Amino acid sequence: ALTGHRGWKPAWRDAAPRASYDYVIVGGGGHGLATAHYLARTYRKARIAVLEKGWIGGGNVGRNTTIIRSNYLLPGNEAFYELSMTLWESLEQELNYNAMVSQRGIMNLIHSDAQRDAYRRRGNAMILHGADAELLDAGQVRREAPFLDFGNARFPIRGALVQRRAGTARHDAVAWGYARSADRHGVDIIQNCEVTGFDIAHGRVRAVETTRGRIGAGTVGVAVAGSSSRVMALAGLRLPIESHVLQAFVTEGLKPVLPGVITFGAGHFYVSQSDKGGLVFGGDIDGYNSYAQRGNLPVVEDVCEGGMAVMPMIGRARLLRMWGGVMDMTMDGSPIIDRTSVDGLFFNGGWCYGGFKATPASGLAFAHLLATGEPHATARAFRFDRFSTGRMIDEKGAGAQPN
Ligand code: FAD
C-alpha cells in the first residue's frame, strides 16, 4: 500500500459479460466461486461465468464467524461435512493461496448427563464416518480452558465433545482464493451484474436476464444463499426456505486467550479468537424473516448473556463491531443441492447458519451435479423432494446449530 499499489496485478480479471456461456453460476459467494473453480479445474469444463450482483465476498462468505468443523450426527450430513473438512486441509495447496486455515479445534461444552449421552452418540457417529472426536470430562476441559465459568450453578460444565481437526479459516481469503483460481482456469467473474429474470422456454432455461443484459446459458446453477427464495421466484419456483438475519460480533484485539473454538451447550453462543486478536462470537438468528443485513437488540442481549454465562471474562472486552448476514433457513436445517423442475436450472442453498464450513464440498458437489447431471455421492440426501417424502435430515441440536 505504501507504493500506492503500483505494479500490483488484480487477483482476477474484471470480466465483461459475453453473449452466452455453457455454464452460468448465479452468486459470487463462497459456494458459487468454489463451484466455478471445481467445474473448471476438476471437471475440465469451459465457457463458465459467475454473475455477482455486488462484489466478490460482500455476502455471507465475508460475514460469517469462520468456524469449520465436521461434527455432524446424521448419515445424510456427516460424510459430506467430513469431505469438506478434508478439502479444507488441502485447500491452500489446491488454490496456492493463504486462506489461514487453522485447525485449532472446537469444544462443544456439555452441561447435563443427557447432553453427554447425546454428544457421545454424535462423537461415535463422527468416528464411524472417519472423522475425529474426543469426549472430555470436566477436569480435562478445565485444564484446556481454565477461564470458563466452572462455578455456574445453572449451567455447570460437565465435559465437552471436541473435534481437534476443526477450527477457523480467513473467510474472505477463501472467496478471493477461489476467485483467483477460477479466473486462472478461464472463468469470467462478472461483478455488479444482478440476475433479474430467467428466460425459460418449453420447460428449459435458455438465458438469464441481468442488469448488464441478457446472457445465454446452457446450464444455470443458482447459489445465492440468503437471496435464494427471491431469485428462484424469478423462475416461478417456491422453496422450503425462510430468510433470517444472523448477527456476528468482534471485540477489540486481545493477546492470545482462547485456544480454539468454544460453543456453549445450554444456549446459543460460540466464540473464537481471530489472528488479529479480536474475540469473534455469535448466537441465534433474529426471530423474524428479513432480507436486511442488520439485526436487532434482543438478539444482541441474548448473545451477550450467553457469553457471560459461559466465560464472564468476555464482559471485560470492548465490543468493536457487529454486523448481520441473511441466512437461507430450510425447515430441517440441512441444505439442498439439486436439479429443479426447469431443465438446465440447478439449485444450491438452504445452508442455514452453517454453510461456510461446507464451501469446498458444496462447490465440488454442485460442480459434479452441473457437469454430470448426477448428484455427488456425499450429497445424495440434499434433495428438494425430502420435504414431500418426509425424509428430513433433521440435525437440530446437533449439526444445524449456529456456526
Ligand atoms: P454469499 O457470500 O452470501 O453468496 C451469495 C451471493 O449471491 C452474494 O454475494 C449475493 O450478492 C449474490 N446474489 C444474490 N442475489 C443475486 C442475484 N439476483 N444475482 C447475482 N448475484 C446475487 N457458516 C459456518 O460454516 N461457520 C460459521 O462460523 C458461520 N458463521 C456465520 C455467521 C454469520 C453472521 C453469518 C451471516 C453466516 C454464518 N455462516 C457460518 C453461514 C455461511 O456464511 C453461509 O452459509 C455461506 O457463506 C453461504 O454461502 P455463500 O458463501 O455462497 O453465500
Side-chain angles (χ1 to χ4, degrees), residues 65-74 77-78 81-82 85-86 88-89 101-169 251 254-275 277 279-283 303 305-317 354 357 395 397-403:
T65 42
T66 78
I67 300 167
I68 58 175
R69 58 182 172 89
S70 65
N71 53 2
Y72 283 69
L73 170 72
L74 299 178
N77 274 332
E78 178 52 26
Y81 285 99
E82 179 52 21
M85 201 63 237
T86 58
W88 281 114
E89 287 171 325
V101 176
S102 165
Q103 292 181 285
R104 55 186 69 182
I106 188 167
M107 191 183 267
N108 303 125
L109 297 177
I110 296 171
H111 305 277
S112 67
D113 291 344
Q115 195 169 33
R116 186 187 296 107
D117 289 348
Y119 279 19
R120 187 191 299 276
R121 182 170 171 234
R122 179 154 40 131
N124 285 338
M126 290 162 63
I127 290 167
L128 286 173
H129 279 98
D132 61 308
E134 273 175 52
L135 208 62
L136 304 189
D137 62 25
Q140 289 168 302
V141 175
R142 191 190 283 268
R143 272 195 293 285
E144 293 193 21
F147 48 83
L148 296 176
D149 186 0
F150 290 89
N152 190 317
R154 189 167 173 211
F155 307 118
I157 295 171
R158 303 234 187 266
L161 176 67
V162 169
Q163 185 180 27
R164 304 272 178 211
R165 286 164 59 241
T168 56
T251 69
L254 305 173
K255 287 185 178 172
V257 56
L258 289 191
V261 182
I262 296 177
T263 74
F264 182 31
H268 272 131
F269 179 78
Y270 40 93
V271 62
S272 65
Q273 188 166 19
S274 82
D275 293 323
L279 300 180
V280 179
F281 59 96
V303 172
E305 282 172 0
M308 290 301 288
V310 74
M311 46 180 282
M313 72 165 177
I314 202 168
R316 306 285 299 277
K357 69 182 72 66
E395 279 270 0
Q401 67 200 10
N403 74 55

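The structure displayed is predicted, hence computed values, not measured ones. The figures that follow rest on heavy atoms only: side chains count, while hydrogens, waters and symmetry mates do not.
- Note: Ser112 OG to Asp117 CG = 8.5 Å, rounded to the nearest 0.5 Å.
- With Arg121 contributing its side chain and Leu73 its backbone, the two residues share no donor-acceptor pair below 3.5 Å.
- Taking 4.5 Å as the limit, some side-chain heavy atom of Thr251 sits within range of a side-chain heavy atom of Phe281.
- The distance from atom CE of Met313 to atom CG of Leu279, rounded to the nearest 0.5 Å, is 6.5 Å.
- Put simply, the side chain of Ile68 does not reach to within 4.5 Å of the side chain of Thr168, judged on heavy atoms.
- A donor-acceptor contact shorter than 3.5 Å is absent between the side chain of Gln140 and the backbone of Ala160.
- At least one side-chain heavy atom of Thr86 sits less than 4.5 Å from a side-chain heavy atom of Arg165.
- Listed by chain and residue number, nothing satisfies the side-chain hydrogen bond (donor to acceptor under 3.5 Å, both in side chains) test with Arg142 (two or more places apart in sequence, or in another chain).
- Residue Thr263 holds its OG1 atom at 8.0 Å from CG of Asn71, rounded to the nearest 0.5 Å.
- The number of heavy-atom neighbours closer than 6.0 Å to CZ of Arg120, taken from other residues, nucleotides and ligands shown, is 12 or below.
- To the nearest 0.5 Å, atom CG of residue Leu136 and atom CD1 of residue Ile157 are 12.0 Å apart.
- With hydrogens and angles ignored, the 3.5 Å screen pairs a side-chain donor or acceptor of Glu78 with a backbone N or O of Tyr72.
- Between Asp149 and Arg154, no side-chain nitrogen of the basic residue sits less than 4.0 Å from a carboxylate oxygen of the acidic one, so the salt-bridge criterion is not met.
- Classified by interplanar angle (parallel below 30°, tilted 30° to 60°, perpendicular above 60°), the ring pair Phe155/His111 is perpendicular.
- Here the straight-line distance linking atom CG of Asp132 with atom CD1 of Ile127 works out to 8.0 Å at 0.5 Å rounding.
- The side-chain heavy atoms of Ile314 and Phe269, taken from C-beta on, include a pair separated by under 4.5 Å.
- By the 4.0 Å N-to-carboxylate-O rule, Glu395 lies too far from Arg122 to be salt-bridged with it.
- Contact annotation: the side chain of Leu258 approaches that of Met311 to within less than 4.5 Å [non-hydrogen atoms, C-beta and beyond].
- The closest donor-acceptor contact from the side chain of Glu134 to the backbone of Arg164 lies at 3.5 Å or more, if one exists at all.
- When side chains are defined from C-beta on, Ile262 counts as touching Leu109, because their heavy atoms get closer than 4.5 Å.
- Note that the CZ atom of Arg104 and the CD atom of Gln273 stand 8.0 Å from one another [nearest 0.5 Å].
- Formation of a donor-acceptor pair under 3.5 Å by the Trp88 side chain with backbone atoms of Val101 is not found in this model.
- Counting heavy atoms from C-beta on, the side chains of Ile67 and Val280 never come closer than 4.5 Å.
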- After noting the C-alpha distance and the side-chain angles of Ile110 and Val141, does the key distance pass the side chain to side chain contact (heavy atoms under 4.5 Å, CB included) rule? CA-CA 10 Å; Ile110 296 171; Val141 175; over 6 Å; no
